[in-house]
Amino acid sequence: MIIAIDIGNTDVVIGFYEKEEWRHILRMPSNLEMDASEYEKRLRVFLLEEGIELFEIEKVILGSVVPDLTPVILEVFDQFKEGQMVLVDGELLQKLSLGRINPYELGADLAANAVGVFTMCQQSAIVVDFGTALTFTSVNNQGEIVGVAIAPGVQTAMKSLSSNTAKLPEIPLKIPAKALGNNTVEAMQAGIMQGYVGLVRHMVAQVKAEMGGQPKVIATGGLSFIFEPLHDLFDEMDVNLTLDGLRAMLSKLA
Ligand SMILES: Nc1ncnc2c1ncn2[C@@H]1O[C@H](COP(=O)(O)OP(=O)(O)OP(=O)(O)O)[C@@H](O)[C@H]1O
Ligand SMILES: CC(C)(CO)[C@@H](O)C(=O)NCCC(=O)O
Ligand SMILES: [K+]
């Protein structure tokens with residue numbers, strides 16, 4: 001079994017890969033108020049419920065875009081020693097020859113998306129990741145990163161609008177029928193959700209034009225599902241792409 005850990009700004013996602021699939025996935029909030037023992041407690045309950053035996057583990061790979069949470073989660077997996085535990089850092093990303101990006105700056109999740117999508121498509125591709133941030137990561141026909149675009153994720157944008165205003169509430173992320181609403185909730189849904197449909201369409205078109213060729217477009221991130229009107233843009237939707245990329249890094253480094 002292989003464990004891949006993606007420490008994101010909203011969730012810590014832990015995937016257990018066995019017999020050619022992600023057999024179990026544990027999602028915990030990324031909370032700097034939680035210490036290693038709290039994460040460990042949740043992990044132990046999950047392992048018990050799912051009947052997972054840790055001694056079957058060959059390797060653990062961890063990518064984090066929350067530096068302060070990295071040592072906390074590393075402590076949880078303390079029993080995995082050097083050789084078994086692989087941390088995705090600048091040095092490792094440099095070894096993966098990902099092109100003209102700065103490996104010490106690039107987020108581990110974006111690197112994983114790039115490696116994951118190239119492993120999947122073996123050609124130029126764009127990953128649209130609907131997470132805390134809405135990111136576009138492009139790879140060329142050699143699997144090198146051509147470039148990245150980072151926008152606020154749709155939930156992040158909605159929360160920011162609500163918290164920066166006195167009268168705007170947090171709203172359900174649903175796409176309204178029309179671009180103009182007749183009450184506050186509808187109006188916000190229109191501006192945010194219809195707006196994001198346009199943002200993503202425009203970015204994919206623009207990135208395609210800049211890249212040339214026929215890149216595949218793959219969507220990932222839990223919030224991709226709510227953008228039904230965008231689904232014709234995507235060749236595929238794959239929620240586990242970041243985990244797949246982390247796992248593929250292990251094969252590339254072996
Ligand atoms: N399979 C799924 N179906 C529906 N919603 C999901 C699914 N997976 C995740 N979500 C929800 O979608 C949201 C986005 O999840 P995702 O893991 O893509 O990004 P995130 O955790 O917000 O981002 P980050 O990786 O930056 O922490 C989360 O709030 C999560 O609860
Ligand atoms: C863009 C996010 C927040 C997406 O999770 C993450 O990949 C990150 O913090 N990246 C660091 C900056 C960069 O990738 O250039
Ligand atoms: K920040």
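Everything quoted here is computed from the prediction, not taken from an experiment. Throughout, residue positions are numbered sequentially from 1 according to the sequence presented. Just follow the structure's listing: the first ligand is 1, and inside any ligand the first atom is 1.
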Within a distance under 4.0 Å of any heavy atom of [X], pick out the atoms of ligand 2 and give their elements.
X	value
Leu110	7 (O), 14 (O)
Glu105	11 (C), 12 (C), 13 (C), 14 (O), 15 (O)
Gly107	7 (O), 10 (N), 11 (C), 13 (C), 14 (O)

Task: From CA spacing to verdict: salt bridge (charged side-chain N to carboxylate O under 4.0 Å, His left out), Lys41, Asp35 - done: CA-CA 10 Å; Lys41 212 182 293 164; Asp35 62 10; over 6 Å; no

Task: Side chain proximity check, Met188 to Met193, heavy atoms < 4.5 angstrom - done: no

Open item on the list: Check for me whether Thr132 has a heavy atom closer than 4.0 Å to any atom of ligand 2.
Closed with: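 Not so, Thr132 does not reach ligand 2.
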
Task: salt_bridge(Glu38, Arg42) N-O dist < 4.0 Å - done: no

- [ ] Identify whether the distance between the nearest side-chain nitrogen and carboxylate oxygen of Asp6 and Arg27 falls below 4.0 Å.
- [x]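 No, this pair does not count.
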
Open item on the list: Are any of the N/O atoms on Ile150, whether in the backbone or the side chain, positioned under 3.5 angstrom from an N/O atom of ligand 2?
Closed with: no

TODO: Report the member of Ile7, Asn9, Val65, Asp109 with the shortest heavy-atom distance to atom 3 (C) of ligand 2.
DONE: Asn9

Task: Leu246 side, atom CG; Ile61 side, atom CD1 - distance, nearest 0.5 Å - done: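 Reported value, rounded in 0.5 Å steps: 5.5 Å.
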
